[in-house]
Amino acid sequence: MGRGRVDLKRIENKINRQVTFSKRRSGLLKKAREISVLCDADVALIVFSTKGKLFDYSNEPCMKRILERYERYSYAERQLAGDDQAPNENWVIEHEKLKARVEVLQRNQRNFMGEDLDSLNLRGLQSLEQQLDSALKLIRSRKNQAMNESISALQKKVGSFLPFHKW
């Protein structure tokens with residue numbers, strides 16, 4: 001038995017709206033995965049809930065690559081179309097891009113601090129874990145280097161005092 005046609009208008013009941021959002025978001029994510037696997041297409045999907053919670057999907061390990069590719073493509077399209085925008089409009093576009101970039105960086109910073117992890121899928125969590133592991137290795141390496149330098153400096157100080165003291 002098929003479903004009837006749904007009237008496309010805002011659902012007024014808050015609970016029903018949330019349930020519909022959740023189900024349709026899941027279906028949309030499923031379709032994005034399917035098209036990426038079946039058609040070997042690069043897919044990036046970004047959905048913000050009404051409360052501002054981010055849900056995303058990317059078949060690439062890093063959505064940034066797809067977004068950069070989209071940016072290059074859309075920039076090339078504007079150039080081919082004879083971009084007749086006034087200089088101020090270009091600044092507005094640049095401002096919007098930078099603002100979006102700041103939001104991404106702030107979200108990444110919150111993720112690195114262990115906050116807002118609910119918005120990450122398994123692949124995102126694995127990527128975050130790898131980044132944190134790499135950062136931790138660098139930090140430990142620098143700490144060990146600083147400790148060795150400190151020990152060497154102390155040994156030189158102690159060595160300079162030894163001739164004056166008779167143990």
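Positions are given from 1, in the same order as the sequence printed here.
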How far does [atom1] of [X] sit from [atom2] of [Y], to the nearest 0.5 angstrom?
X      : Y     : atom1 : atom2 : value
Asn121 : Arg33 : CG    : CZ    : 8.5 Å
Arg72  : Leu67 : CZ    : CG    : 11.0 Å
Ile66  : Ser36 : CD1   : OG    : 9.0 Å

N/O donor-acceptor pair under 3.5 Å between [X] side chain and [Y] backbone:
X      : Y      : answer
Asn111 : Glu115 : yes
Ser150 : Ala146 : no
Ser141 : Lys137 : no
Ser22  : Gln18  : no

Nearest heavy-atom neighbours spanning [X] and [Y]:
X      : Y      : result
Leu125 : Leu117 : CD2-O, 4.2 Å
Ala44  : Met63  : CB-CG, 4.1 Å
Tyr57  : Ala32  : CD2-CB, 3.7 Å
Arg17  : Ile11  : NH1-O, 2.5 Å

Partner residues of [X] under the salt bridge (Lys or Arg N to Asp or Glu O under 4.0 Å) criterion, sequence neighbours left out:
X     : answer
Glu68 : Lys64
Arg25 : none
Lys31 : Glu34

Taking only residues two or more places apart in sequence, or in another chain, which ones meet Gln131 in a side-chain contact (heavy atoms from CB on, under 4.5 Å)?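 Gln131: side-chain contact (heavy atoms from CB on, under 4.5 Å) contacts with Phe112, Ser127, Leu128.
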Glu149 meets the side-chain contact (heavy atoms from CB on, under 4.5 Å) criterion, sequence neighbours left out, with Arg142, Gln145
Within residues 96-108 or reaching into it, pairs that qualify as salt bridge (charged side-chain N to carboxylate O under 4.0 Å, His left out) - sequence neighbours excluded: none
Under a 4.5 Å cut-off applied to non-hydrogen side-chain atoms, are [X] and [Y] in contact?
X     : Y      : answer
Leu45 : Leu29  : yes
Lys53 : Asp118 : yes
Leu54 : Asp116 : no

How far apart are the C-alpha atoms of Asn59 and Asp42, what are their side-chain angles, what is the distance that settles it, and do they pass the side-chain contact (heavy atoms from CB on, under 4.5 Å) test? CA-CA 6 Å; Asn59 65 320; Asp42 289 335; 3.7 Å; yes
More than 12 heavy atoms from other groups under 6.0 Å of [atom1] on [X]:
X      : atom1 : result
Leu28  : CG    : yes
Arg24  : CZ    : no
Leu105 : CG    : yes
Asn16  : CG    : yes

Using 4.0 Å as the upper bound for N to carboxylate O, is an ion pair formed by Arg10 and Glu12?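 Yes, this pair counts.
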